[in-house]
Amino acid sequence: MWTLSGFVDEIDPDFDRQVEVATELGLTHIEFRSAWGTNVLDLSGTELDRVADTLADAGLKVSAIGSPIGKIGIEEDFGPHLDRMKHAAEVAHRLKAPYIRLFSFFLHGVSPEASRDDVLRRMDALAAVGASEGLVLLHENEKDIYGDIPQRCHDIVTSVDNDHLRLAWDAANFVQCGVRPFTDGYELLRPHTVYIQIKDALLADGHVVPAGQGDGEVAETMRALAADGFDGFFSLEPHLSAVGTFGGFSGPDLFTEAHRAFTGLLDAEGIPYA
């Protein structure tokens, strides 16, 4: 059984509205990135308590913390960022999230080859926090970071070689790097992929579109995952209205459209989901 989740801050900045639409769509989980316009790692203890209480009242759980860990330049001081990773683990425990999403650092003009050793040292340190806290870190393939294409995603997860560092698959981000996700990356990355983010994009200009309407080979990927016996989370991250470095926005109507597009693909393939 596949479980649907979603970045519900794309619905509305207000957390109560996020929860309202999520429950109307029948979601049982959310991926928590921000509330009231504030990133999850910057919320106060009181605000996190309110989030936890609201989720419990609505019968919702958190599939992952959508953190910005790793979204700094490779040239920036890593010490404070490692402390922020430790705080992310505290937040994940507080909200009972099994996963924390993270990234592998913006290169800012430094070549991947020249950055590799620094990236791997940092990713190893982050994975060690995940291991010590009993959490799984999900590396997302974001454009302009070290792990933007399948080969470098594979390099990270195999070089660090820690079961607490796995991969999140984002088809649209691959497309925006000129990659055909299923054709170019599925066989290489499938053994390390445990979490799927749902958005699609066009190769021609990188424009983000609902799942199945772009070049992200979403249907082919879903079909292969089903054949492989994949059993995990699929998190809607539509980005249908606005896209930024630290998030995106769709609004309730476009988020609902994205949900309808993806569930339509699942229904067409006869794949059960909750």
Side-chain angles (χ1 to χ4, degrees), residues 1-11 18-19 21-33 55 59-67 92 95-102 136-142 150 153 166-176 181-182 185-186 189-201 208-240 247-248 250 252 254-274:
M1 179 68 71
W2 293 4
T3 303
L4 302 190
S5 183
F7 288 81
V8 292
D9 59 347
E10 292 211 14
I11 294 168
Q18 295 175 22
V19 168
V21 174
T23 54
E24 287 174 354
L25 291 174
L27 296 181
T28 58
H29 291 74
I30 69 166
E31 183 156 354
F32 188 45
R33 182 171 53 196
L55 291 172
L60 287 170
K61 297 179 180 179
V62 178
S63 62
I65 300 298
S67 89
L95 297 180
K96 297 181 173 64
Y99 297 111
I100 300 174
R101 180 195 66 164
L102 80 173
V136 176
L137 311 185
L138 301 168
H139 174 268
E140 178 183 339
N141 53 290
E142 172 88 354
C153 292
R166 313 307 290 165
L167 300 179
W169 173 281
D170 189 308
N173 289 351
F174 277 139
V175 169
Q176 291 172 342
F182 180 76
Y186 185 84
L189 300 183
R190 173 65 186 94
H192 313 285
T193 300
V194 300
Y195 196 96
I196 311 295
Q197 293 178 343
I198 299 301
K199 64 178 186 283
D200 204 346
V208 178
V209 295
Q213 298 179 25
D215 297 304
E217 301 180 314
V218 176
E220 295 92 329
T221 304
M222 298 304 102
R223 201 172 297 132
L225 288 168
D228 286 348
F230 185 91
D231 181 17
F233 289 109
F234 292 77
S235 184
L236 295 165
E237 190 184 13
H239 283 14
L240 293 180
S250 297
L254 290 176
F255 192 92
T256 299
E257 179 183 338
H259 180 272
R260 186 182 304 117
F262 182 58
T263 55
L265 288 176
L266 297 179
D267 291 339
E269 295 292 333
I271 298 171
Y273 58 90

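Because the structure is predicted, anything quoted here is derived from the model rather than measured. Quick note: numbers below take in every heavy atom, side chains included, and nothing from hydrogens, waters or symmetry partners. The chain is numbered in sequence order, starting from 1.
For the pair H29/L4, no side-chain contact is recorded, criterion being any heavy-atom separation below 4.5 Å from C-beta on. Residues E237 and I198 are not in side-chain contact: their nearest non-hydrogen atoms beyond the backbone lie 4.5 Å or more apart. The closest side-chain heavy-atom distance from L27 to H259 is below 4.5 Å. Looking at S5 and L236, their side chains never come closer than 4.5 Å, going by heavy atoms from C-beta outward.
Across W2, Y99, F230, a single residue satisfies ring-ring contact (aromatic ring centres under 6.0 Å, His included) together with Y195, and that is Y99.
Proximity of a side-chain donor or acceptor of R101 to a complementary backbone N or O of G66 within less than 3.5 Å is detected. In this structure, the side chain of T28 does not engage the main chain of L60 through any donor-acceptor pair within 3.5 Å. Formation of a donor-acceptor pair under 3.5 Å by the R223 side chain with backbone atoms of A226 is not found in this model. A side-chain donor-acceptor contact under 3.5 Å links E217 to the backbone of F182. The closest donor-acceptor contact from the side chain of D170 to the backbone of A172 lies under 3.5 Å.
Distance CD/Q213 to CG/L265: 8.5 Å, rounded to 0.5 Å. Taking OG1 of T193 as the start and CG of L138 as the end, the distance is 10.0 Å to the nearest 0.5 Å. Annotation: the span from R260 atom CZ to L25 atom CG amounts to 9.0 Å, rounded to 0.5 Å. Atom CE of M222 sits about 9.5 Å away from atom CD of E269, to the nearest 0.5 Å. Here the NZ-CG distance, from K96 to L55, works out to 10.5 Å after rounding to the nearest 0.5 Å.
Aromatic rings from Y273 and F234 are positioned such that their centres are separated by 6.0 Å or more. The six-membered or imidazole ring of F174 lies near that of W169, with a centre-to-centre distance under 6.0 Å.
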task = Take L102 and E140 through the test side chain to side chain contact (heavy atoms under 4.5 Å, CB included) and record every step on the way to the result.
result = CA-CA 6 Å; L102 80 173; E140 178 183 339; over 6 Å; no
ask   = What do the steps show when you test T221 against I196 for side chain to side chain contact (heavy atoms under 4.5 Å, CB included), and what is the final call?
value = CA-CA 10 Å; T221 304; I196 311 295; 5.6 Å; no
request  = Assess whether side chain to side chain contact (heavy atoms under 4.5 Å, CB included) is satisfied between V208 and D200, documenting all intermediate values.
outcome  = CA-CA 6 Å; V208 178; D200 204 346; over 6 Å; no
task = Apply side chain to side chain contact (heavy atoms under 4.5 Å, CB included) to the pair I30 and K61, showing each step before the final yes or no.
result = CA-CA 6 Å; I30 69 166; K61 297 179 180 179; over 6 Å; no
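Annotation for P210 and A261: closest pair CB-CB, 3.8 Å, computed over non-hydrogen atoms. Between E10 and S250 the shortest heavy-atom distance is OE1-OG, 2.7 Å. In this structure, V209 and A201 approach most closely via the heavy-atom pair CG2-N, 4.0 Å. Summarising the geometry of A211 relative to V218, their closest heavy-atom pair is CB-CG1, 4.2 Å, with the distance given to 0.1 Å. Looking at every heavy atom in both residues, L189 comes nearest to P150 through CD2-O, 3.5 Å. Of all heavy-atom pairs spanning A22 and I11, the tightest one is N-CD1, 4.3 Å.
Side-chain N/O atoms of S63 and E31 include no donor and acceptor closer than 3.5 Å.
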